[in-house]
Amino acid sequence: MITPARMRSTIRGGMAELRRSMLVQTQYRANMAIWTVASVLQIVVYLSVWRAVAEATGSTGGYSPSTFAGYFLVLLIVREFTYSWTPYMLADEVRSGRLSTRLMRPLHPIVQLCADMVAHRIQSVTLLVPIAVILAFVFDASVDLRPWALVAALVVLPLAALVRLLVDSLFALCSMWLVRIDGIRNMYYLVLLLLGGQFAPIDVLPDWLRTIALALPFYWTLGYPTELLVGRASIGDVWLGIAVLVAWSVATLAILQPAWRASTRAYEAVGT
Amino acid sequence: MRGMHEARVVTAHARIAASTELAYRSNFWAYLVNTVVTLGVSIASIALVYRHTDEVGGWTSDDLLVVVGVFFALGAFVNGVVHSSMAKLVADIRTGDFDYRLLKPVDAQAVAVAQAPDPWRALDLVIGIVVIGFGVSRGGLEAAAGGIPGAIGAAIGMFACAVVIVAAFWTLLASITFWTVQGEGILWALDDMYDHLRWPIGIFPGGLRLALSTIFPAGLAVTVPAEALTGRLDATSVFMALAMATALLVASRVVWRVAVRRYEGASS
């Protein structure tokens, strides 16, 4: 049952966790640095591949070398903003049995995972924006950023982050049954890579693959906000995008509640 | 003989780790499907790129298959031996179990690099070799200096360099854990970085190419064996590979020594 009192205590607990996590994060600077390098590297690799293709052909899927660069550098920020760790964190807690202690606390274990992510995100996005700006000059990126798109992004980005968190959490619950999800987790991320607009904008995919991408939530959490910010979406598309994201968040939230209950029952607290 | 002793201890560790791993049978099927899907996505991404063009930076799609094959074969070592062993090292440092490791009369670094191999990953090696064979048979090797045997010999030599490069580099970064205590994040990040290096570094702009040869040399490690197998290997690449392998081996050894001296045993 969700009561106002419980909501309040969850929010209070969440804020406390957030403060704690912010402080913990600042202690592990080496981690932060290497994750920044990792996310920049991945984006720059795909950017370079597609730039090379566009340079050879002139224009690919409506993208020139400069607009490819723009797409991937905006994606760098969007990806960081919407990223979630639950498939790693929750699975790790389940496998090691640490989840048992968390289940005893009056705060939902998801709250702490969220707090960790928000804390990390605040710091990593601040770090990545200047890097993206510098890379934009290096790769001669061009972005058609319109003011209304920026306003729309204020709604779309948090929604996208929420949908991503919910979908990731649903997926992470598999670990309660399977204990080790390394195998299927990798597959999950590969689908995300190819159909989320991370490897390439979905406009360069063949039509049938593009249709599949549109039917799954991943494109809407990554590729779509990016396309919105680089000026490839019209105002009409914004309403569609918001509607799709709201629909996905309602649907996943509805499943998550019973799924969580069922999976905590399946949880065996194996321990190492 | 000291080296023999180390080798026997490492083998014993490998056997124990393998039997632990084999207890999770259901993981095998997930793993098999996973490898096939990874391969499928690699080939799909090549197909997506070559839908639009015939050549990227002088590399054809058949050449790219060879790169993907090397990526898989080397990945078997990166993920199946180095990463899993380093993950154990990092966990041991955090919990303080590393104390026990230091007490044993065996070289701690040698054991740390190979203590927890993941037997399922041998599949990646097999798949890698098959994909390489397929790519090479479509691309043709006759153009390489020294003919086919010469190219294969050079490729094996370069692959050995590549294994040394990744093993030493991963150890070097995992050694940071001795200072920061939290190291799982570093390993995940390295994993993530390796995962996207399915492209020859030759197609990248100069700065990125240099970075992937020195700051994160896994790019060089994936590329040089593929260059040998597609008749592209030149003196510069051979020199770079040998130099990086030697430099990293020495550096990882030195840093390890300093780090272990600094280790305080963070056990609770």
Side-chain angles (χ1 to χ4, degrees), chain A residues 24 27-57 59-61 63 85 88 92 96 120 138-139 174 177-191 193-195 198-200 204-206 209 272, chain B residues 24 26-38 40-42 44-45 47-57 59 91 118 120 173 176-177 179-199 201 203-205 207-209 211-212 215-216 219:
Chain A
V24 173
Q27 283 180 340
Y28 296 116
R29 291 207 199 99
N31 257 359
M32 178 68 77
I34 194 156
W35 269 114
T36 309
V37 173
S39 29
V40 172
L41 177 80
Q42 185 203 330
I43 295 286
V44 168
V45 163
Y46 295 142
L47 192 169
S48 303
V49 169
W50 286 105
R51 246 177 76 100
V53 174
E55 267 161 10
T57 56
S59 163
T60 306
Y63 286 90
W85 289 338
Y88 284 96
D92 199 43
S96 66
H120 183 265
V138 173
F139 286 101
C174 296
W177 279 280
L178 299 172
V179 183
R180 295 187 57 160
I181 57 162
D182 318 30
I184 50 172
R185 181 172 57 204
N186 208 4
M187 274 160 58
Y188 178 77
Y189 279 108
L190 285 171
V191 172
L193 178 75
L194 210 57
L195 299 181
Q198 229 184 125
F199 169 65
V204 308
L205 303 183
L209 211 54
T272 37
Chain B
Y24 295 94
S26 66
N27 220 31
F28 171 72
W29 296 108
Y31 193 82
L32 184 69
V33 176
N34 173 41
T35 303
V36 172
V37 171
T38 312
V41 169
S42 298
S45 55
L48 278 180
V49 167
Y50 286 90
R51 250 181 97 224
H52 303 281
T53 176
D54 294 333
E55 220 183 67
V56 181
W59 292 72
D118 176 354
W120 305 131
L173 283 218
I176 295 177
T177 316
W179 281 270
T180 62
V181 185
Q182 200 191 50
E184 276 95 350
I186 291 178
L187 289 176
W188 284 345
L190 283 179
D191 227 23
D192 188 73
M193 284 160 80
Y194 181 76
D195 238 17
H196 301 286
L197 295 179
R198 294 167 206 190
W199 309 90
I201 54 173
I203 66 169
F204 295 139
L208 183 60
R209 201 183 315 151
L212 289 176
I215 306 170
F216 185 60

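Everything numeric in this text was worked out from a predicted model, so none of it was measured. The chains referred to below are lettered A, B, ... by the order of the sequence lines, with proteins before strands, and numbering in each begins at 1.
For B/Glu55, the salt bridge (charged side-chain N to carboxylate O under 4.0 Å, His left out) criterion is met by no residue, not counting sequence neighbours.
Contact of A/Ala56 with chain B is made through the side chain alone, with heavy-atom distances under 4.5 Å. B/Ala44 touches chain A through its side chain: at least one heavy atom from C-beta onward sits under 4.5 Å away, while N, CA, C and O do not. For B/Leu212, the part lying under 4.5 angstrom from a heavy atom of chain A is the side chain only. Only the side chain of B/Phe216 comes within contact range of chain A, with heavy atoms under 4.5 Å apart. Heavy-atom distances place no part of B/Ile201 under 4.5 Å from chain A, backbone and side chain included. Residue A/Tyr46 touches chain B through its side chain alone, counting heavy-atom pairs closer than 4.5 Å.
Per-residue heavy-atom pair counts under 4.5 Å with chain A were compared for B/Val41, B/Leu48, B/Thr35, and the maximum is reached by B/Leu48. Taking chain B as the reference chain and counting heavy-atom pairs below 4.5 Å, the highest number among A/Val49, A/Val44, A/Leu209, A/Val138 is found for A/Val49. Options B/Asp54, B/Val56, B/Asp192, B/Ile215 differ in how many heavy-atom pairs under 4.5 Å they form with chain A, and the most are formed by B/Asp192. By number of non-hydrogen pairs under 4.5 angstrom with chain B, the leading residue of A/Ala38, A/Ala52, A/Gly61 is A/Ala38. The most heavy-atom pairs under 4.5 Å with chain B, out of A/Val37, A/Val53, A/Leu47, come from A/Val53.
Within the 4.5 Å cutoff, no side-chain heavy atoms of B/His196 are placed close to those of A/Leu41.
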Output, in order, the C-alpha distance, side-chain angles, deciding distance and verdict of side-chain contact (heavy atoms from CB on, under 4.5 Å) for B/Ile186 and A/Trp35.
CA-CA 7 Å; B/Ile186 291 178; A/Trp35 269 114; over 6 Å; no
Using side-chain contact (heavy atoms from CB on, under 4.5 Å), reason through B/Asp195 and A/Leu193 one step at a time and then give a plain yes or no.
CA-CA 11 Å; B/Asp195 238 17; A/Leu193 178 75; over 6 Å; no
Trace of the side-chain contact (heavy atoms from CB on, under 4.5 Å) decision for A/Phe199 with B/Val49
CA-CA 10 Å; A/Phe199 169 65; B/Val49 167; 4.0 Å; yes
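Ring geometry for B/His52 versus A/Trp50: interplanar angle over 60°, hence perpendicular rather than tilted (30 to 60°).
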